[in-house]
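First up is the structure itself, then whatever we jot down about it.
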There are 2 protein chains.
Amino acid sequence: MAESVALDPVDLHILRVLQNDARSTYRELAAQVGVAPSTCLDRVARLRRSGVILGHRLRLDPAKLGRGLQALLSVQVRPHRRELVGPFVERVRALPEARSVFHLTGPDDYLVHVAVADAADLQRLVLDEFTSRREVARVETRLIFQQWECGPLLPPGTPAPPGTTAPGGTAPA
Amino acid sequence: MAESVALDPVDLHILRVLQNDARSTYRELAAQVGVAPSTCLDRVARLRRSGVILGHRLRLDPAKLGRGLQALLSVQVRPHRRELVGPFVERVRALPEARSVFHLTGPDDYLVHVAVADAADLQRLVLDEFTSRREVARVETRLIFQQWECGPLLPPGTPAPPGTTAPGGTAPA
DNA sequence: GGTGAAAGAGGAAAGCG
DNA sequence: CGCTTTCCTCTTTCACC
């Protein structure tokens, strides 16, 4: 299920274009890739079925939603056993401030990306939702000054044409 | 430009629905929110113009693209001056392995999210693109066991209805 | 600002090279 | 497997409330 999928140059070209603009129509896509629109439709449907394309996500500006401060929380959960970490992850995911959660190697088991209104809001979040919990042994908070998205995700060995690095960089707080 | 935007309940409802399925049609959106499709069109256009909605992104499965291993690299860039960190960030963003870059507070200045084929590929990346650089003082590598996306991003104080936590969690490597 | 209908465009499925 | 055509649904606009 998680194995690599055979992709020909047309598939790769489609993925490059769609990662630049996921709302591109099949007509525009066809024009850029050099095949017929219905072929693009077929290819994209196959990429969806094979699991390469998982879905479409809306990119929002957290600052415009009153969450102008973002941070990464490194969290140690002790003891690090399934009975504790399962509920921990689900509780964190349900927080309105949470954006994503990583389970990592290293001394800090989890990394939580959060978006809050301001430093006071962050302090409240850390104190009320993390350090007050018995299973949370340690929390280290780092503010995010700025974030950049990178170029399109492609298989190893695929030459990425220049200028395909996504323009978006979050403005500094 | 980065200030908070006034959003009424209809806007919030639209944002919730679109974060669940960014490809929802205006008809479906209208049916769920309880207004006319043309009204949804207006609202979404305003959300785009005001910068709340930045764009649409394709969600891909890195494993299906032959990048079954993901990691976070904590990088110290010394000396931490604009002449060095600007080119550093741009070079990292141009790497085909890079997914996103964070400039952070704390002893490690940058966090780089990468997707690679395997451990050997990761070793090559760290040695050839990071530690071999003079401005890179230190690199700490942590593997990502699993990653979860969280619920919709909404303004503080907005009650998030249950079941809106995104289902997607990356399968463990 | 929201609605409803009309015009225009895009997407999905058929049959053919 | 890809192209062309057709049909149908959706998007988008505009006058009206």
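Every chain is numbered from 1 and lettered A, B, ... according to where its sequence line falls, protein lines coming before strand lines.
- Among the nucleotides dG1(C), dT3(C), dC1(D), the one closest to any side-chain atom of R46(B) is dG1(C).
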Between the protein and nucleotides 8-11 of chain C, which nitrogen or oxygen pairs come in under 3.5 angstrom?
| unit_1 | atom_1 | unit_2 | atom_2 | d |
| --- | --- | --- | --- | --- |
| dG11(C) | OP2 | Y26(A) | N | 3.0 |

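- Evaluated for a side-chain contact (heavy atoms from CB on, under 4.5 Å) with L60(A), the options I53(B), L18(B), L154(B) yield exactly one hit, I53(B).
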N/O to N/O distances under 3.5 Å, protein versus nucleotides 14-17 of chain D:
none

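- For the pair V77(A) and V89(A), the minimum side-chain heavy-atom distance is 4.5 Å or more.
- The existence of a salt bridge linking R43(A) and D8(A) is confirmed by a sub-4.0 Å separation between a basic side-chain nitrogen and an acidic carboxylate oxygen.
- Taking the six-membered ring for Trp, F102(B) and H113(B) have ring centres at least 6.0 Å apart.
- The side chain of R43(B) places no N or O atom within less than 4.0 Å of a non-bridging phosphate oxygen (OP1 or OP2) of dG1(C).
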Validation: residues 132-139 of chain B side-chain donor-acceptor distances under 3.5 Å, sequence neighbours left out:
| unit_1 | atom_1 | unit_2 | atom_2 | d |
| --- | --- | --- | --- | --- |
| S132(B) | OG | L127(B) | O | 3.3 |
| S132(B) | OG | D128(B) | O | 2.8 |
| E135(B) | OE2 | R91(B) | NH2 | 2.8 |
| R138(B) | NH2 | D108(B) | OD1 | 2.8 |
| R138(B) | NH2 | D108(B) | OD2 | 3.0 |
| R138(B) | NH2 | E140(B) | OE1 | 3.2 |

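- In this structure, L47(B) places its CG atom 13 Å from P of dG1(C), rounding to the nearest Å.
- Using the six-membered ring where Trp is involved, F88(A) and F130(A) have ring planes that are perpendicular, over 60° apart on the 30 and 60° scheme.
- Listed for the R99(B) side chain is no donor-acceptor partner under 3.5 Å among the backbone atoms of E149(A).
- With salt bridges taken as basic N to acidic carboxylate O contacts below 4.0 Å, none links R23(A) and E28(A).
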